[in-house]
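Data first, discussion second: the structure below is written as structure tokens.
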Amino acid sequence: MIVTTADLFKVAYGRFAVGAYNINNLEQTRGLFQGNIQSQAPFIIQISKGARKYAGVKLLEGLIRAAQDEFPEAVFAVHIDHGDEPTCYDAIDSGFYSSVMIDASHEPFEKNIEITRRVVERAHAKGLSVEAELGQLGGVEEDIAVDESNARLTDPKQAVEFVERTGCDSLAVAIGTSHGAYKFVGKQGIRLDRLAEIQAVLPGFPLVMHGSSSVPQEEVLRINDAGGKLDPSAKGVDENTFVKAVALGVTKVNIDTDGRLVWTRVHREFFRDKPEVFDFRKPGEIYVKEYADFIAHKNQKLGSAGQLALVRQELGL
Ligand code: G3H
Ligand code: 13P
Ligand code: ZN
């Protein structure tokens with residue numbers, strides 16, 4: 001059943017983080033639903049602009065509708081990931097989505113507020129909630145001066161003003177993570193101290209962690225053993241950080257890259273070991289199962305595994 005993102009956040013805040021997973025195709029969608037049912041977790045399906053272009057908006061939405069029929073037990077929200085204004089308005093007007101993310105974080109502060117405010121007005125009028133972003137997501141490089149790296153992180157004072165003036169419902173914060181497989185160099189890592197400062201001035205307000213893949217070393221090595229050429233120094237977020245982040249107001253954790261690594265590993269190993277096979281359904285079946293197990297594992301780390309009964313009870317489903 002599709003629910004609102006706001007409802008999921010009400011149940012989750014301070015207890016667990018809802019996993020937000022991107023989908024692009026049938027196998028990912030099936031694995032995602034299977035994994036969440038397997039682990040009895042509520043979840044958020046994320047759709048990026050790239051995914052809408054790749055799979056087609058109608059086909060993606062059709063996949064979700066069909067999955068909803070096939071997995072009637074599932075409780076989830078449907079969300080636009082890193083939307084621009086036209087994508088957000090299209091999603092809002094379609095009536096299909098639970099929430100949108102407007103990402104104007106690359107704009108100066110005032111312009112970010114102006115754009116976000118416009119999207120919030122349109123979204124709220126139709127009952128959708130809005131995630132916005134403040135600060136610059138990006139790897140904190142070792143050779144960068146402390147002042148410069150701090151300047152990229154979300155500023156707590158600005159965060160309060162931003163939330164007040166935009167009316168957004170959740171905030172993606174820059175706390176040292178970045179998208180993709182290469183997040184941290186050397187000893188750099190996630191800045192939970194900055195997260196704590198943000199929560200202190202925005203108590204009870206849902207915070208979102210982007211760039212939260214853990215990029216398991218074993219996965220990278222297996223991909224390279226099967227012919228891949230990923231930089232072996234690739235490094236992500238320690239999965240044990242999620243519990244600490246939940247206590248500091250993180251209610252939604254975005255994970256995409258790790259799922260791409262699962263896909264790459266399964267397919268590279270399959271075709272390396274079975275070079276005579278050309279039926280794509282064979283590796284596809286393996287991938288769906290492996291992706292479902294991957295989702296179930298992530299949900300354990302996020303604390304969302306086993307929370308489906310509580311969500312049903314608190315939302316009166
Ligand atoms: O943050 C971006 C997500 O990983 C989606 O990536 O824009 O390549 O679909 P994408
Ligand atoms: P990763 O690249 O770490 O998976 O982050 C995904 C994300 O933030 C999607 O919005
Ligand atoms: Zn992101």
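Just so you know, ligand 1 is whichever comes first in the structure, and atom 1 is the first atom listed for that ligand. Everything numeric here is computed off the predicted structure, so don't read it as measured data. Because only heavy atoms are used, hydrogens play no part in the values below, and waters and symmetry mates are left out as well, while side chains stay in. Residue numbers count from 1 along this sequence.
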Practice prompt. Compute the shortest N/O to N/O distance between Lys183 and ligand 2 and return yes if it is under 3.5 Å, no if not.
Written response: yes

Worksheet entry | Backbone or side-chain N or O of Gly211 under 3.5 Å from ligand 2 N or O | yes

Response to the item:
Exactly one of Tyr21, Phe76, Phe16, Phe71 clears ring pair (Phe, Tyr, Trp, His ring centres under 6.0 Å) with Phe43, and that residue is Phe76

Worksheet, complete the sentence: One should read off an interatomic distance between Arg194 CZ and Ile175 CD1, to the nearest 0.5 angstrom, of 10.5 Å

Discussion item. Students should be able to answer this: which protein heavy-atom is nearest to atom 2 (O) of ligand 2, and at what distance?
Written reply: Thr257 OG1, 2.6 Å

Fill in: Under-4.0 Å heavy-atom contact with ligand 2, by part of Ser212 that carries it
backbone

Discussion item. Return the closest protein heavy atom for atom 9 (C) of ligand 2 as residue, atom name and distance.
Written reply: Asp81 OD2, 3.3 Å

Practice prompt. Please determine, by modelled atom types, if Asp90 and Tyr97 share a side-chain donor-acceptor pair under 3.5 angstrom.
Written response: no

Worksheet item: Which of the atoms in ligand 1, numbered in the order shown and given with their element, are less than 4.0 Å from a heavy-atom of His82?
Response: 1 (O), 2 (C)

Item to complete: Could you list which atoms of ligand 2 come closer than 4.0 Å to a heavy atom of His210?
Response: 8 (O), 10 (O)

Worksheet entry | Angular separation of NE2 (His82) and ND1 (His210) seen from the Zn ion (ligand 3), to 10° | 90°

Worksheet item: Between Arg165 and Arg117, what is the shortest heavy-atom contact and its length?
Response: O-CD, 3.3 Å

Worksheet item: Which residue holds the protein heavy atom closest to atom 8 (O) of ligand 1, what is that atom called, and what is the gap in Å?
Response: Arg260 NH2, 3.1 Å

Worksheet item: Closest non-hydrogen protein atom to atom 7 (C) of ligand 2, residue and atom name please, with distance?
Response: His179 CD2, 3.4 Å

Worksheet item: Pick from Lys157, Glu164, Gln158: which one makes a side-chain contact (heavy atoms from CB on, under 4.5 Å) with Val160?
Response: Glu164

Worksheet item: Considering only heavy atoms of Gly180, which atoms of ligand 2 have at least one such atom less than 4.0 Å away?
Response: 2 (O)

Fill in: Residues Asp293 and Gln38: side-chain donor-acceptor under 3.5 angstrom
yes

Practice prompt. Return yes if a side-chain donor-acceptor contact under 3.5 Å exists between Asn22 and Gln46, otherwise no.
Written response: yes

Discussion item. Determine whether the aromatic ring centres of residues Tyr291 and Tyr287 are separated by less than 6.0 angstrom.
Written reply: yes

Discussion item. Quick check on contacts: which atoms of ligand 2 are under 4.0 angstrom from a heavy atom of Asn254?
Written reply: 5 (O), 6 (C), 7 (C), 8 (O), 9 (C), 10 (O)

Worksheet item: Salt bridge between Glu218 and Arg222, side-chain N to carboxylate O under 4.0 Å?
Response: yes

Practice prompt. Tell me yes or no: between the side chains of Thr5 and Ser99, is some donor less than 3.5 Å from an acceptor?
Written response: yes

Discussion item. For atom 7 (O) of ligand 1, what's the nearest protein heavy-atom neighbour? Residue, atom name and distance, please.
Written reply: Ser48 OG, 3.6 Å

Fill in: ligand 1-proximal atoms of Asn22, by part, heavy-atom distance under 4.0 Å
side chain

Discussion item. I need the atoms of ligand 1 closer than 4.0 Å to a non-hydrogen atom of His179, numbered in the order shown.
Written reply: 1 (O)

Worksheet item: Where on Asn254 is there a heavy atom closer than 4.0 Å to ligand 1, on the side chain, on the backbone, on both, or on neither?
Response: neither

Discussion item. Looking only at the side chains, is there a donor atom on one of Asp258 and Ser214 sitting less than 3.5 Å from an acceptor on the other?
Written reply: yes

Item to complete: Just need the protein heavy atom nearest to atom 5 (C) of ligand 1, so name the residue and atom and give the distance.
Response: Asp256 OD2, 3.3 Å

